[in-house]
Amino acid sequence: MYAQMVKTDAKRVKRPEEMSEQERAFQARIDRGEKIEPKDWMPEDYRRTLIRQIGQHAHSEIVGQLPEGNWITRAPSLQRKAILLAKVQDEAGHGLYLYSAAETLGISRDELIAMLHSGRMKYSSIFNYPTLTWADIGAVGWLVDGAAIMNQVPLCRASYGPYSRAMVRICKEESFHQRQGFEILLVLSKGSAAQRRMCQDAIDRWWWPSVMMFGPNDEASPHSAQSMQWKIKRFSNDDLRQRFIDVCAEQVKLLGMRLPDRELKWNEERQHYDHGPIDWSEFYNVINGNGPCNKERLAVRVQAHEEGAWVREAALAHVEKKRRRYA
Ligand code: 3HC
């Protein structure tokens with residue numbers, strides 16, 4: 001149902017002798033570190049890869065509002081409510097910059113949204129998990145936004161100009177989100193026994209889904225090699241995942257909590273933390289539409305879009321009225 005329909009044919013990286021002259025010149029620009037801009041020539045697969053990735057990313061920001069929006073009315077204080085409201089609004093803004101960046105590639109926002117709503121485009125697996133307690137809002141900020149930043153800071157140097165520029169502001173806001181999440185957990189970790197239990201429980205439930213956010217292992221990632229050659233991706237899924245695990249394994253100590261991985265251990269030789277096996281069957285189950293909240297998330301998005309139809313119609317009528325008045 002959720003099979004990605006913006007298909008790319010970039011399973012294998014072309015050798016220079018297999019490229020056309022135009023493709024070689026394009027790759028040379030990438031290799032020199034030049035940015036590719038919307039009106040520049042680009043291979044069709046580069047364009048489609050970007051539409052797929054930026055579109056998925058935009059959808060993730062928009063759907064990503066839902067698990068947290070669920071807690072706006074239940075935040076434990078006025079201040080927490082105001083902070084959460086601002087954060088959820090930031091996510092909406094990120095979605096809008098990203099849809100705009102995707103539109104520079106010749107696809108409309110309406111087409112992208114239609115593909116999301118019909119299950120033909122993906123959004124991040126992580127947003128198919130429920131937020132059961134207030135501590136989940138802390139865990140989402142610390143772990144989910146933390147994983148998002150780890151993946152997105154390198155995207156500020158992606159080869160496609162509009163995407164890389166959109167990412168600069170997004171990353172600044174995401175780093176604030178990550179800190180507010182950690183601070184929620186820090187307060188809970190110093191609270192009552194029940195609050196500490198709630199904090200540990202949220203970490204236990206959000207840890208492995210956050211680790212999976214980076215995508216399949218490198219050998220199972222069909223798009224990585226080509227996306228790295230085109231400098232859309234700067235680091236592999238596994239490299240970024242390892243960095244995330246290394247950072248969190250230290251940060252969790254400040255909370256006096258533990259990550260739910262008995263095999264997590266510092267490896268002096270590798271200068272990284274070793275970790276236990278990842279349950280990839282869970283990941284594929286979620287991205288194939290069978291996670292705990294997939295159906296609910298999509299249904300809420302479709303409903304919001306349908307109920308907002310009058311706003312879009314009113315905005316268009318207003319533009320038309322102004323056009324006629326000044327014609
Ligand atoms: N959730 C859903 N699908 C995923 C996924 C995930 N966590 N990770 C990988 N996939 C999908 C890919 O889309 C691809 O699907 P397809 O073949 O049907 O098109 C397939 O799994 C194979 O994965 P690859 O590693 O080959 O795919 P990519 O090269 O595209 O790498 C990625 C995946 C690392 C997620 C990359 O697309 C990326 O960096 N995207 C931009 C960042 C992004 O979208 N982040 C989402 C979270 S945004 C967020 O968290 C918002 C914040 O405010 C909280």
Side-chain angles (χ1 to χ4, degrees), residues 1-11 48-68 87-95 97-98 101-102 115-116 119-129 137 139-156 158 160 163-164 166-167 170-171 173-178 180-181 206 208-230 232-241 244 278 280 282-289 291 294:
M1 177 192 172
Y2 286 74
Q4 178 71 277
M5 294 308 282
V6 186
K7 283 289 168 211
T8 54
D9 299 322
K11 294 255 166 2
R48 282 196 281 173
T49 296
L50 282 166
I51 290 176
R52 183 183 62 78
Q53 176 165 327
I54 302 173
Q56 172 177 316
H57 194 165
H59 299 326
S60 303
E61 300 283 354
I62 297 298
V63 178
Q65 295 176 98
L66 299 175
E68 291 178 292
K87 177 183 191 288
V88 172
Q89 284 174 342
D90 284 352
E91 308 297 4
H94 298 173
Y97 310 147
L98 289 165
M115 282 196 275
L116 170 70
R120 286 177 296 146
M121 266 187 102
K122 290 189 172 81
Y123 58 88
S124 182
S125 50
I126 195 73
F127 300 119
N128 293 305
Y129 291 85
I137 298 305
V140 167
W142 176 42
L143 296 175
V144 175
D145 293 310
I149 298 169
M150 195 59 86
N151 163 269
Q152 291 173 18
V153 166
L155 293 174
C156 298
Y160 188 57
Y163 191 28
S164 68
M167 290 315 303
I170 292 177
C171 285
E173 291 178 350
E174 291 295 356
S175 70
F176 158 73
H177 298 169
Q178 190 263 357
Q180 69 85 37
W206 285 92
W208 288 109
S210 302
V211 166
M212 291 175 202
M213 272 177 78
F214 294 89
N217 279 338
D218 292 349
E219 60 274 17
S221 161
H223 305 298
S224 282
Q226 182 63 77
S227 287
M228 287 178 75
Q229 168 145 319
W230 279 330
I232 296 170
K233 280 171 121 167
R234 292 279 176 159
F235 300 98
S236 78
N237 297 357
D238 286 335
D239 282 350
L240 292 172
R241 184 174 7 254
F244 173 70
I278 297 170
W280 290 113
E282 175 178 330
F283 173 77
Y284 288 110
N285 197 39
V286 173
I287 69 171
N288 285 322
N294 293 58

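Just so you know, these numbers use all the heavy atoms, side chains as well, and skip hydrogens, waters and symmetry mates. Residues: numbered from 1 along the sequence shown. Note that ligands are numbered from 1 as they come in the structure, with each ligand's atoms numbered from 1 the same way. This is a predicted model, so every value here is computed, not measured.
- For ligand 1, the atoms lying closer than 4.0 Å to a non-hydrogen atom of Ser221 are 24 (P), 25 (O), 26 (O).
- For Trp142, the ring pair (Phe, Tyr, Trp, His ring centres under 6.0 Å) partners at least two apart in sequence or on another chain are Phe182.
- Residues passing the salt bridge (charged side-chain N to carboxylate O under 4.0 Å, His left out) test with Glu91 are Lys87, sequence neighbours excluded.
- Only the side chain of Lys122 comes within 4.0 Å of ligand 1, judged by heavy-atom distances.
- Contact annotation: for Ser125 versus ligand 1, heavy atoms closer than 4.0 Å belong to both the backbone and the side chain.
- Around atom 50 (O) of ligand 1, the closest heavy atom drawn from Ala148, Ala220, Gly181, Gly64 belongs to Ala148.
- Contacts between Phe127 and ligand 1 below 4.0 angstrom, taking non-hydrogen atoms only, involve the side chain exclusively.
- The part of Tyr163 lying near ligand 1 is the side chain, judged by heavy-atom distances below 4.0 Å.
- Residue contacts with ligand 1, taken as heavy atom pairs separated by less than 4.0 Å, involve Pro216 solely via side-chain atoms from C-beta onward.
- Neither the backbone nor the side chain of Val140 has any atom closer than 4.0 Å to an atom of ligand 1 (non-hydrogen atoms only).
- Nearest to atom 28 (P) of ligand 1 by heavy atom, out of His94, Gln178, Gln53, Lys233, is Lys233.
- Here Tyr123 has backbone heavy atoms under 4.0 Å from ligand 1, and that is the only part of it that gets that close.
- Neither the backbone nor the side chain of Val286 comes within contact range of ligand 1; no heavy atom lies under 4.0 Å.
- In Glu174, the part holding a heavy atom less than 4.0 Å from any atom of ligand 1 is the side chain.
- Contacts of Asn151 with ligand 1, taken as heavy-atom pairs under 4.0 Å, involve the side chain alone.
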